[in-house]
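Worth saying up front: this structure is predicted, and the values here are computed from it rather than measured.
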Amino acid sequence: MMPSELSGGMKKRVALARTLILKPEIILYDEPTTGLDPVTSRKISKLINEVQQKYKTSALIISHDMSCVRLTSNRVVILLNGKCHANRTYEQLEKSEDNQVKQFFE
């Protein structure tokens with residue numbers, strides 16, 4: 001297939017494959033599930049976890065997709081006004097009484 005014929009999920013997988021060739025210690029994912037349907041988004045989230053385990057990489061994931069965050073994170077940092085507002089596990093933040101944190105989980 002030509003690059004223009006690839007779906008969004010296929011393009012993301014190709015980008016990840018190109019990155020893995022370099023054998024990085026850390027992979028930065030910027031909105032890895034944006035523009036994808038829920039099924040493909042879950043597949044990409046699972047792929048992130050598989051890559052991390054198989055290649056022993058660390059991942060820094062920037063996302064507004066809380067499903068992706070839930071599936072892929074060990075720690076979650078919530079930024080507000082460019083500053084770290086909260087830094088906990090997904091489960092801890094999900095139970096937070098902080099109104100600004102709660103907004104992310106509604």
My understanding is that a hydrophobic cluster links ILVMFWY residues whose side chain heavy atoms are under 4.5 Å apart, including indirect links. Using that, what else belongs to the cluster containing Ile26?
none
State which residues pass side chain to side chain contact (heavy atoms under 4.5 Å, CB included) with Asn49; sequence neighbours excluded, sorted by chain then number.
Gln52, Thr72
Any chance you could pull the hydrophobic cluster mates of Val77, using side-chain heavy atoms under 4.5 angstrom and chaining through other members?
Leu79
Locate the shortest heavy-atom distance separating Cys68 from Ile61; write the atom from each residue and the value.
SG-CG2, 4.5 Å
Applied to residues 70-106, the ring pair (Phe, Tyr, Trp, His ring centres under 6.0 Å) test, sequence neighbours excluded, yields Tyr90-Phe105
Going by the rule side chain to side chain donor-acceptor pair (under 3.5 Å), which residues pair with Ser73 if we only count those two or more places apart in sequence or in a different chain?
none
Linking I/L/V/M/F/W/Y whenever their side-chain heavy atoms sit closer than 4.5 Å, directly or via other members, would Leu47 and Leu36 fall into one cluster?
yes
Clusters formed by hydrophobic residues whose side-chain heavy atoms approach within less than 4.5 Å: which one holds Ile62, and what are its other members?
Leu28, Leu60
Apply salt bridge (Lys or Arg N to Asp or Glu O under 4.0 Å) to Glu25 and list each qualifying residue two or more places apart in sequence or on a separate chain.
none
Please enumerate all residues that pass side chain to side chain contact (heavy atoms under 4.5 Å, CB included) together with Thr89, with sequence neighbours excluded.
Arg75, Glu91, Gln92
Shortest non-hydrogen separation from Thr57 to Pro24 and the atoms involved:
CG2-O, 3.2 Å
Using the rule that Ile, Leu, Val, Met, Phe, Trp and Tyr join whenever any side-chain heavy atoms are under 4.5 Å apart, tell me whether Val76 and Ile48 fall into a single cluster.
no
Less than 3.5 Å apart, which donor and acceptor atoms pair up between the side chains of residues 7-23 and the rest of the protein, not counting sequence neighbours?
residue, atom, partner, partner atom, Å
Ser7, OG, Met10, N, 3.2
Lys12, NZ, Pro32, O, 3.3
Arg13, NH1, Gly9, O, 3.3
Thr19, OG1, Ala15, O, 3.0

Qualifying salt bridge (Lys or Arg N to Asp or Glu O under 4.0 Å) pairs with a residue from residues 39-68, counting only residues at least two apart or across chains
none
Roughly how far, to the nearest 0.5 Å, is the CG atom of Asn81 from the CD atom of Gln100?
7.5 Å
The criterion is side chain to side chain contact (heavy atoms under 4.5 Å, CB included); which residues satisfy it with Thr34, sequence neighbours excluded?
Glu31
Results of ring-ring contact (aromatic ring centres under 6.0 Å, His included) for Tyr29 - residues two or more places apart only:
none
